[in-house]
Amino acid sequence: MRLDRFLSETTDLTRSLAKRALARGEVTVNDERESKAARHLKDDDRVAWQDVPLALVGLRHLMLHKPVGVECTARRGLYPRAVDLIELPNADRLQPVGRLDVETTGLLLLTDDGQWSHRVTSPRRRCAKVYRATLARALEGEAAEQAIQRVVDGLLLEGEDKPTQPAELKMLGPKEARLTVHEGRYHQVRRMFAALGNHVDALHRESVGELTLDASLAPGEWRTLSDEEVALF
Ligand code: URA
């Protein structure tokens with residue numbers, strides 16, 4: 001790998017800023033000052049910038065407890081982005097795995113591993129996503145039984161002509177529901193409850209596949225996934 005590329009992958013420097021750091025004599029390779037951006041590094045070369053040793057990190061896989069008021073987009077917009085909460089070099093290269101609405105809280109996966117992301121989100125894998133919803137109107141008794149069956153049968157969402165795939169609804173209280181879906185349509189959970197004549201006041205994702213949000217993470221906190229967790233997908 002070229003030295004300027006190595007610097008841009010291991011620090012927050014862009015390729016052109018890396019070239020300037022090289023020109024200023026801030027970079028050493030094997031303890032010798034190096035200024036050539038095009039130098040090809042060998043596997044055992046030791047690189048340091050401003051006397052800090054640098055090492056390539058592999059692909060990164062994280063879970064974030066997404067708080068309310070954070071967007072899952074790549075571009076900067078009205079709200080802070082999920083990647084803005086990740087204080088790692090080159091956090092901008094991380095992509096949310098699927099999306100949660102600005103108001104939705106809970107488990108958000110982020111990665112720079114495109115193939116892994118694809119495995120998690122691929123519709124063919126029918127990965128279960130579990131949401132906890134707080135409803136505006138109580139859903140009890142016979143009405144709850146009917147809603148549970150309609151969710152199994154599939155609901156027609158507004159503006160669509162294909163019903164949702166079988167999903168599971170469990171009422172935890174008159175206004176508290178747990179919904180498990182195996183697809184990822186736009187605003188799916190909110191629209192499913194709208195199709196049932198209700199409204200979601202608050203939505204929280206508890207798990208994706210076999211990965212459950214770490215209870216020790218407060219909203220806005222994140223951690224790296226273990227190798228075992230990455231291998232779940
Ligand atoms: N379904 C929704 O309606 N919103 C989300 O954020 C996720 C699933």
Side-chain angles (χ1 to χ4, degrees), residues 62-86 94-111 116-137 139 144 147-148 150-173 175-214 217-222 233:
L62 323 173
M63 72 158 72
L64 167 71
H65 185 163
K66 181 192 168 299
V68 169
V70 165
E71 261 182 338
C72 296
T73 50
R75 286 220 207 117
R76 279 178 214 282
L78 212 53
Y79 298 94
R81 301 167 307 162
V83 291
D84 296 329
L85 302 178
I86 314 295
L94 296 166
Q95 303 272 348
V97 179
R99 290 198 174 179
L100 293 177
D101 303 334
V102 174
E103 304 84 21
T104 303
T105 58
L107 177 62
L108 180 68
L109 302 173
L110 294 133
T111 188
W116 187 78
S117 179
H118 182 72
R119 285 204 293 282
V120 179
T121 54
S122 163
R124 278 194 301 119
R125 292 190 181 245
R126 301 191 72 253
C127 182
K129 280 146 286 203
V130 181
Y131 294 89
R132 177 130 180 192
T134 306
L135 305 178
R137 287 178 280 285
L139 186 53
I148 289 167
R150 287 183 65 198
V151 164
V152 172
D153 295 341
L155 296 166
L156 211 46
L157 304 184
E158 195 177 302
E160 296 196 16
D161 51 15
K162 255 203 194 151
T164 52
Q165 288 173 15
E168 296 105 58
L169 172 64
K170 185 168 187 222
M171 294 310 296
L172 308 172
K175 291 187 176 182
E176 281 296 311
R178 180 170 286 132
L179 181 64
T180 305
V181 297
H182 304 268
E183 47 186 347
R185 301 191 198 186
Y186 181 66
H187 292 328
Q188 177 156 355
V189 175
R190 293 175 200 276
R191 289 164 75 215
M192 284 175 76
F193 280 104
L196 292 169
N198 214 311
H199 178 81
V200 172
D201 277 344
L203 189 59
H204 179 84
R205 183 154 68 186
E206 296 181 331
S207 62
V208 174
E210 289 178 35
L211 202 51
T212 299
L213 178 64
D214 189 328
L217 295 177
E221 291 184 344
W222 60 273
F233 299 98

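Keep in mind the model is a prediction, meaning the values are calculated, not measured. Order of appearance sets the numbers: ligands from 1, and atoms from 1 within every ligand.
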Under 3.5 Å, N/O to N/O: give me all the pairs between ligand 1 and the protein, one per line with atom names and distance.
| from | atom 1 | to | atom 2 | distance (Å) |
| --- | --- | --- | --- | --- |
| ligand 1 | 1 (N) | Gln188 | N | 3.4 |
| ligand 1 | 1 (N) | Val189 | N | 3.1 |
| ligand 1 | 3 (O) | His187 | O | 3.2 |
| ligand 1 | 3 (O) | Val189 | N | 3.3 |
| ligand 1 | 3 (O) | Arg190 | N | 3.0 |
| ligand 1 | 4 (N) | Asp101 | OD2 | 2.7 |
| ligand 1 | 6 (O) | Asp101 | N | 2.7 |
| ligand 1 | 6 (O) | Asp101 | OD2 | 3.4 |
| ligand 1 | 6 (O) | Thr104 | OG1 | 2.8 |

Item to complete: Identify the two heavy atoms, one from Leu108 and one from Pro96, that lie closest to each other, and give their separation to 0.1 Å.
Response: CD1-CB, 4.2 Å
Item to complete: Might you work through the side chain to side chain contact (heavy atoms under 4.5 Å, CB included) test for Thr121 and Val97, ending with a clear yes or no?
Response: CA-CA 7 Å; Thr121 54; Val97 179; 3.7 Å; yes
Worksheet entry | Any residue meeting salt bridge (Lys or Arg N to Asp or Glu O under 4.0 Å) with Arg150, in chain and number order, not counting sequence neighbours | none
Item to complete: Name all residues meeting the side-chain contact (heavy atoms from CB on, under 4.5 Å) criterion together with Ala136; count only those two or more places apart in sequence or in a different chain, and write none if there are none.
Response: Asn198, His199, Asp201
Discussion item. For Gln95, give me all partners under side-chain hydrogen bond (donor to acceptor under 3.5 Å, both in side chains), at least two apart in sequence or on another chain.
Written reply: none
Response to the item:
Smallest heavy-atom separation, Cys127 atom then Gly209 atom, equals SG-N, 3.5 Å
